[in-house]
Amino acid sequence: MSFTVHGLPVSQGIAIGYVHLVSHALLEVNHYHVAPRHIEDELARLDDAVAMVEGELIGLKAATTSAQPHSEVSAFIDLQRMMLVDPMLVPAARSHIEERRCNAEWALVQQMEEVVEQFRQIEDPYLRERQADVVQVVERLVKALLGHPGHLPPRRKDGVGTVVVAHDLSPADTIGFRNHSIAGFVTDVGGPTSHTAIVARNLGIPAVVGLYHIRELVEDAELVIVDGTRGVIIVDPDEAIVEEYRLRRSELELDRNKLKRLRDTPSATLNGEPIQLLLNIDGPQDVSQLKETNADGIGLYRTEFLFIGRDALPDEEEQFEAYRAVIKAAGGKPVIIRTFDIGSDKNLNSPLIHAEPNPALGLRAIRYSLAEPKVFLIQLRALLRASAYGPLKIMVPMLAHADEIDQTLVLIEKAKAALREEKLKFNEDLPVGGMVEIPAAALALGMLTPRLSFLSIGTNDLIQYTLAIDRANELVVHLYDPLHPAVLRLIAGTIAYATKAELPVSVCGEMAGNPAYTLLLLGMGLRSFSMHPAHILEIKQQVLRADLVEITAKVQRILKLDEPVKIREAVEKLAS
Ligand code: PEP
Ligand code: MG
């Protein structure tokens, strides 16, 4: 019987394929007592499984690192490797085997339950979430013990894709699927910023998460359709539905191919107004996208990915090389590098972390940089030195106080003085801009504008802080609303203020890459958008059809609306 299940759409596209149920190995392990004379053998089984999983993770890390050094994914893999050697896990399970004569699988699962319970009681939400990594590591170990290392589904001979259905997937698992003709991912848990979502988007595989009990609703080898754009799973569809979705899938493909033709079309509205389209990148590995998309430059390089997921901080030389590589690869196009935004959901296993009860409101981004001026100065020196190689601008995240800019500028002057003394080259007039992502900054722009050369609106955090919604928490994801009238007024107000002050302003949050909002932002007066490379051509398509005179008047009317339903309808009409 065919039925439909709704979840959170986190990676666009349509997948049609047969279910590969990633069984919850942990729920299925046998419990038995080992005879005293076999205890040594049981310990050896456990050690072999640990070695096998260690090897698997090292292999995955190597595959990931060559593609994306210091990426989030490789940080997650490091974290799982650390868990493998944590005394709380395997050594404790060994004791269960030795003292209670449990079989290895049972010993591991018991110990996992104990550790997970301890994680559950941690207040820090980031650390609390790490219980998922503990479960995934133990799942890998149990699979290795059962002779099924990893979650890799068998390749299908008929060429039809496989849809992986799991409770949760670790980024390591997801990367491992790369060569296995995986059509889509579907999971019980997760939100738009969950591990699965991040990796699925990177791999361009449709994914729907947050489906709660999907594993209990589908069977292995059952045909499903994953609509990653609308967040819908159709289980056991009839032939007519499959045909309809095949058609939709080829239309999407056709659209994507048509979009590619826009690569070299200048980005300008119907009125001939040029609109700057910039890229958000996580490191030098992404800069090749500049050529692929023919974007106008880099609008946001998130440097924190250089810092997270490693034991030692990157020194000045390593940072300088990374920044210079991006600037050189940009070949004269402008590059905006953001000083590191560590803290809150970007902690991973950074050595810089201090446990905080409410990290999104704590020592994050510029607050952290100013609290650790030695670390900050190293980055500023590296940035200044890189500025000798092309049109670099630097950008400061999470500004809320004039002092934060003043102190940053003092540190920049200090770094410049030292570089002059050392006779090292840098741009004396390096422009410094700031992010508007805290409502206080958006409401008191007069405090920022005299001190800065440009602004960039971080809508991801601006929405989080305006609506008091944790952007990484799937339980409140339904309240995360870019069209909330308060959010729209803060964005429109910032664009209007900056335009009047003749200060360049851009949007670099996810809203900039969402075609549903392009005309809205243009109508607010925005002329510069920065986004993930995957969205550039889609946004250009919107720009090309925009009549600024018409949409500006319409958007002014939308900004006067208070009723959310009316706002949504008006924005949909504008975009249609
Ligand atoms: C934002 O907050 O919108 C932004 C671009 O910064 P990040 O997503 O890195 O916090
Ligand atoms: Mg931000």
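As the structure lists them, so they are numbered: ligands from 1, and atoms in each ligand from 1.
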Polar contact flag for N460 and ligand 1 (N/O pairs, less than 3.5 Å):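 Such a contact does occur with ligand 1.
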Minimum-distance atom from the Mg ion (ligand 2) among N, O or S atoms of E437: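 Minimum-distance N/O/S atom of E437 relative to the Mg ion (ligand 2) is OE1.
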Hey, which N, O or S atom on D461 ends up closest to the Mg ion (ligand 2)? OD2
Should [X] and [Y] count as an ion pair when the cut-off is N to O under 4.0 Å?
X    : Y    : value
D341 : R302 : no
R324 : E321 : yes
R256 : E538 : no
D481 : R568 : yes
K333 : D296 : no
R364 : D461 : yes
R385 : E316 : yes

Atom indices of ligand 1, in the order listed, that fall short of 4.0 Å to a heavy atom of [X]:
X    : result
C508 : 5 (C)
G458 : 1 (C), 2 (O), 3 (O)
D461 : 1 (C), 2 (O), 3 (O), 10 (O)
R364 : 10 (O)
D341 : 10 (O)
R471 : 2 (O), 7 (P), 8 (O), 10 (O)
R302 : 4 (C), 5 (C), 6 (O), 7 (P), 8 (O), 9 (O)
L300 : 5 (C)

Do side-chain atoms of S530 reach the backbone of V507 as a donor and acceptor pair under 3.5 angstrom?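 Checked: no pair found.
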Do the side-chain N and O atoms of Q542 and T518 include a donor-acceptor pair separated by under 3.5 angstrom? no
Can you tell me if T459 and E510 form a side-chain donor-acceptor pair at under 3.5 Å? no
Within the structure, is a non-hydrogen atom of [X] found at a distance of less than 4.0 Å from ligand 1?
X    : result
M398 : no
M395 : no
R338 : yes
M511 : no

Of the listed options Q464, E437, E510, M531, closest to atom 2 (O) of ligand 1 (non-hydrogen atoms):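 Closest candidate by heavy-atom distance is E437.
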